[in-house]
Amino acid sequence: MVNKLRWGVVATGGIADVVTGDLRLLPDVDVLAVSSRALPKAEEFAAKHGIARPYGDYRDLLADPDVDVVYVATPHVQHHEVTRAALEAGKHVLCEKPATLTPAALRDVVDLARERGLFLMEAIWTRFNPLIVELGELVRAGGIGEVRSVRADFGFPLPHDSAHRLWNRELGGGSLFDLGIYPVSFAHLLLGEPDVVHAHGSLVGGVDAEIGVLLGYEGGAHALVGSSLRSPLKDGAVVYGTEGLVELPEALYNPSRMIVNGVERRHEQEGAGYVPQLREVVRRVRAGETESPSMTLDESLAIMRTLTRAAEQVGVDYAGVEAG
């Protein structure tokens, strides 16, 4: 590596645009390359963000010897293929959530990253939000006693359109893996991997339009989480302990305020909110570490198991969809 950590961005969609904007806020990062299936799109994206090297194929980006870290922002069905190829090319990887659509595919890239000694992380940016970090510390310190119950939801009405990625099984659509991953990850952060998973929801064209999931833990603690493409669910959470409660009134995925036993706490976000996650990747890669302790690969595997257990109960099956 040279002085700045050099990044390549695979894909030019909305999330890539926002995250790249935040990447450019880090002084020790150079967003060096971007790829798209259509070279003109890569060139347009590169011009907008001041990126020197646009490519018309992600394989060309991965072949660039100057790229140190790859940010994978493709549709879900391509995450496994691109992540595996990036690791094989010797690149560190930050992959958008969900990192894959099946436990087997995730295990494959986790094993490969560990074998090659490369950094790999699933981009669940919520884990690095300062209020979520503070909440985790508060709970571990017993600030609200023992956590007994968690409520968390994320959903919005989206008119059905079979071509839209969220309604299209072939693109890895559905509410659970795209939206529900946030409340599921939140429950994992506070309570760990559940012993019991009970799910109920509805299907449209092979994807879950809505789902409610009960996560049960030994001793009776539980989490009720939900996601929906049909209803405007309250995008927040409540954590109930034996000695108090914490409320996240809105934007569970990137909260700006938290109420602890009636007392409000706030934070001003950096950029669009992705900066803490990106800074963590830079810190770990520079230190020669291959995982983040705040979002470990074992944690991603556990979350994937929970998502899969819930999805199977409502009839969601991504077999044969995932590339690579």
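Fair warning: this is a prediction, and the values are worked out from it, not measured in the lab.
- Aromatic ring orientation, Y274 versus W125: parallel (interplanar angle below 30°, classes split at 30° and 60°).
- Under the 3.5 Å distance criterion, the side-chain polar atoms of Y318 are matched with a main-chain donor or acceptor of G173.
- L307 and L301 fall within the same hydrophobic cluster, where Ile, Leu, Val, Met, Phe, Trp and Tyr residues are linked whenever their side-chain heavy atoms come under 4.5 Å apart, directly or through other members.
- Remark: E270 engages V275, P276, R279 in a side chain to side chain contact (heavy atoms under 4.5 Å, CB included) (not counting sequence neighbours).
- Separating the CG atom in L203 from the CD1 atom in I211 is a distance of 8.5 Å, to the nearest 0.5 Å.
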Would you mind writing out the side-chain donor-acceptor pairs for residues 233-246 within the sub-3.5 Å range, not counting sequence neighbours?
{"residue": "K234", "atom": "NZ", "partner": "P249", "partner atom": "O", "Å": "2.9"}
{"residue": "D235", "atom": "OD1", "partner": "G155", "partner atom": "N", "Å": "3.0"}
{"residue": "T242", "atom": "OG1", "partner": "E146", "partner atom": "N", "Å": "2.9"}

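- D111 pairs by the salt bridge (charged side-chain N to carboxylate O under 4.0 Å, His left out) definition with R107, not counting sequence neighbours.
- The closest donor-acceptor contact from the side chain of D208 to the backbone of G174 lies at 3.5 Å or more, if one exists at all.
- One N or O on the side chain of Q313 and one on the backbone of V197 form a donor-acceptor pair closer than 3.5 Å.
- A209 is linked by a side chain to side chain contact (heavy atoms under 4.5 Å, CB included) to W167, S202, V204, R230, counting only residues two or more places apart in sequence or in another chain.
- With hydrophobic clusters built from ILVMFWY side chains whose heavy atoms lie under 4.5 angstrom apart, V133 does not share a cluster with V260.
- For residues 244-255, the pairs satisfying salt bridge (Lys or Arg N to Asp or Glu O under 4.0 Å) are E250-R257, with sequence neighbours left out.
- Residue pairs meeting the side chain to side chain donor-acceptor pair (under 3.5 Å) criterion with at least one member in residues 296-307, sequence neighbours excluded: R114-D298, E122-S300, R127-E299, H188-T306, E193-R305.
- Under the salt bridge (charged side-chain N to carboxylate O under 4.0 Å, His left out) criterion, R266 pairs with E264, sequence neighbours left out.
- Without hydrogens or angle criteria, T100 side chain to L106 main chain gives a donor-acceptor distance under 3.5 Å.
- Every residue meeting the side chain to side chain contact (heavy atoms under 4.5 Å, CB included) condition with R116, not counting sequence neighbours, appears here in chain and number order: E88, L112, L118.
- Sequence neighbours left out, the pairs with a member in residues 159-172 that pass salt bridge (Lys or Arg N to Asp or Glu O under 4.0 Å) are R165-D178.
- Every residue was checked against the salt bridge (charged side-chain N to carboxylate O under 4.0 Å, His left out) condition with D153, not counting sequence neighbours, and none meets it.
- Under the side chain to side chain donor-acceptor pair (under 3.5 Å) criterion, the residue pairs touching residues 40-57 are D17-K48, D17-H49, R53-D64, R53-D66, Y55-D64, D57-R59, with sequence neighbours excluded.
- Side chain of H79 to main chain of T74: a donor-acceptor pair is present (N/O by atom type, distance under 3.5 Å, no hydrogens or angles).
- Proximity of a side-chain donor or acceptor of D68 to a complementary backbone N or O of H92 within less than 3.5 Å is not detected.
- When the side chain to side chain contact (heavy atoms under 4.5 Å, CB included) test is applied to D195, the partners found at least two apart in sequence or on another chain are Y217, E218.
- Taking 4.5 Å as the limit, every side-chain heavy atom of V29 sits out of range of all side-chain heavy atoms of L278.
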